[in-house]
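Notes to accompany the following structure.
All ligand and atom numbering here is 1-based and tracks the order in the structure.
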Amino acid sequence: MNEKEVVDIEQKYMANVYSKRPLVITRGKGALVWDINGKEYIDCMGAYGVCIVGHCHPKVVAAIQRQAETLISCHGSLYNDTRSELLEKIAKISPKGLDRSFLSNSGTEAVEAAIKLARKSTGKQEIIAFMGAFHGKTMGALSATWDRKYRSPYEPLVPGFKHVPYGDSGKVRETITDGTAAVLVEPIQGEGGIKLPPENFLRELREICNEKKILLICDEVQTGFGRTGKLFAFEHSGILPDIVCLAKSIAGGVPFGVTVARDDIMAAFKVGDHSSTFGGNPLACAAASAAIDVVLEENLPERAATLGKYFKDRLDVLKGKYKIVREVRGLGLMIGMEFRFDVFNIILGSIKRGVIILDAGRNILRFLPPLVISREQIDIVVDVLDVVIGEEESAKLRGQPTN
Ligand SMILES: *Cc1c(COP(=O)(O)O)cnc(C)c1O
């Protein structure tokens with residue numbers, strides 16, 4: 001198939017729910033991907049933050065191959081060696097006390113399980129979430145997601161969700177009632193535009209939750225596994241959540257979701273209370289097990305911290321140089337660059353020059369590169385942006401005034 005055939009078929013047969021870039025990707029390695037014509041790109045999208053260990057990491061590939069030849073499917077009602085190995089690994093890398101996992105296949109499922117678990121274990125119904133939050137798009141997770149454009153066509157959603165301003169722990173305290181089961185929070189808002197909360201926010205939430213005896217759920221689907229410079233982003237605050245949602249990067253690119261909880265909380269789930277046919281299948285478990293090994297062996301959280309600082313400093317220089325850049329912010333290799341206008345032209349211009357970047361809202365560029373990206377590759381990305389932003393700025397100055 002050539003480029004046009006691939007595009008035509010997807011346009012014709014795939015549900016039209018994604019904002020498509022004009023790009024057919026057929027191969028990947030580390031922080032690089034290639035299109036169908038053989039052109040190389042540095043991938044700062046990382047499949048939406050999935051590719052922490054890089055595309056097709058040899059250890060993940062080998063683990064998948066080995067498991068595919070041994071056993072692909074094994075329902076959770078039977079025991080399996082690969083699954084048990086993974087469960088032990090997750091318990092080991094999770095903070096003390098967070099020992100028990102429900103295994104699923106995606107971020108939204110990890111959140112669904114957390115919502116159900118919070119309700120079941122507390123006997124209460126309300127969940128406090130935040131303005132700007134993104135927790136997924138199935139009906140339960142969507143009820144915790146903030147953005148009106150995702151929500152309004154599907155109302156009525158699940159009742160009992162309240163949204164308060166992100167970073168405002170005082171508002172959380174005011175909103176808690178006798179019926180509140182949990183607070184659900186992203187340590188850094190990803191889809192919401194790489195928003196970092198005030199320094200003490202998570203600590204204050206932890207204190208409030210302790211005081212009011214409600215659960216603190218951290219959605220680490222985007223921030224987890226080293227992305228922000230620590231294995232889990234909540235570690236920056238030195239707190240311990242009661243439930244953690246993981247997905248995106250946990251299995252080296254293979255679909256996977258995990259809801260990790262304290263033993264006594266997960267005990268509320270009895271046989272039949274929740275399940276997933278594919279959850280914990282050996283193929284995905286083998287991939288996750290290998291990906292976790294790679295994250296630890298290659299010290300990827302530390303690498304994200306060092307390279308993330310370097311990347312952000314270089315982007316800050318561009319901010320100083322161009323008036324159309326409003327702000328650069330982030331932690332580790334989770335970085336946002338906010339502009340004074342729509343960034344789609346910058347995304348397209350970067351693609352032309354061999355760099356794939358993600359957006360977060362209409363005016364924010366989002367960088368979620370594989371943590372194995374090199375300093376030299378970051379240099380190339382910044383140099384490309386320097387050119388593209390420069391062109392865009394002069395076009396704006398010539399044309400309509402920037403807002
Ligand atoms: C991506 C994301 C989800 C949803 O994950 P899916 O695998 O797309 O269902 C949930 N929460 C956060 C914080 C995310 O970034």
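Protein residues with a heavy atom under 4.0 Å from ligand 1 are S106, G107, T108, F134, H135, G136, E186, D219, V221, Q222, K248.
With hydrogens and angles left out, the side-chain atoms of S276 and S104 include no donor and acceptor closer than 3.5 Å. Checking K137 against T145 by side-chain atom types alone, no donor-acceptor pair falls below 3.5 Å. Neither side chain, E85 nor T82, offers a donor N or O lying under 3.5 Å from an acceptor on the other.
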Just distance, no hydrogens or angles: give the donor-acceptor pairs under 3.5 Å from side chains in residues 351-358, sequence neighbours left out.
unit_1 : atom_1 : unit_2 : atom_2 : d
R353   : NH1    : G349   : O      : 3.4
R353   : NH2    : E391   : OE1    : 3.3
R353   : NH2    : E391   : OE2    : 2.9

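Taking all atoms of both residues into account, the shortest heavy-atom contact from G252 to A291 is N-CB, 3.5 Å.
Between I364 and V343 there is no side-chain heavy-atom pair separated by less than 4.5 Å.
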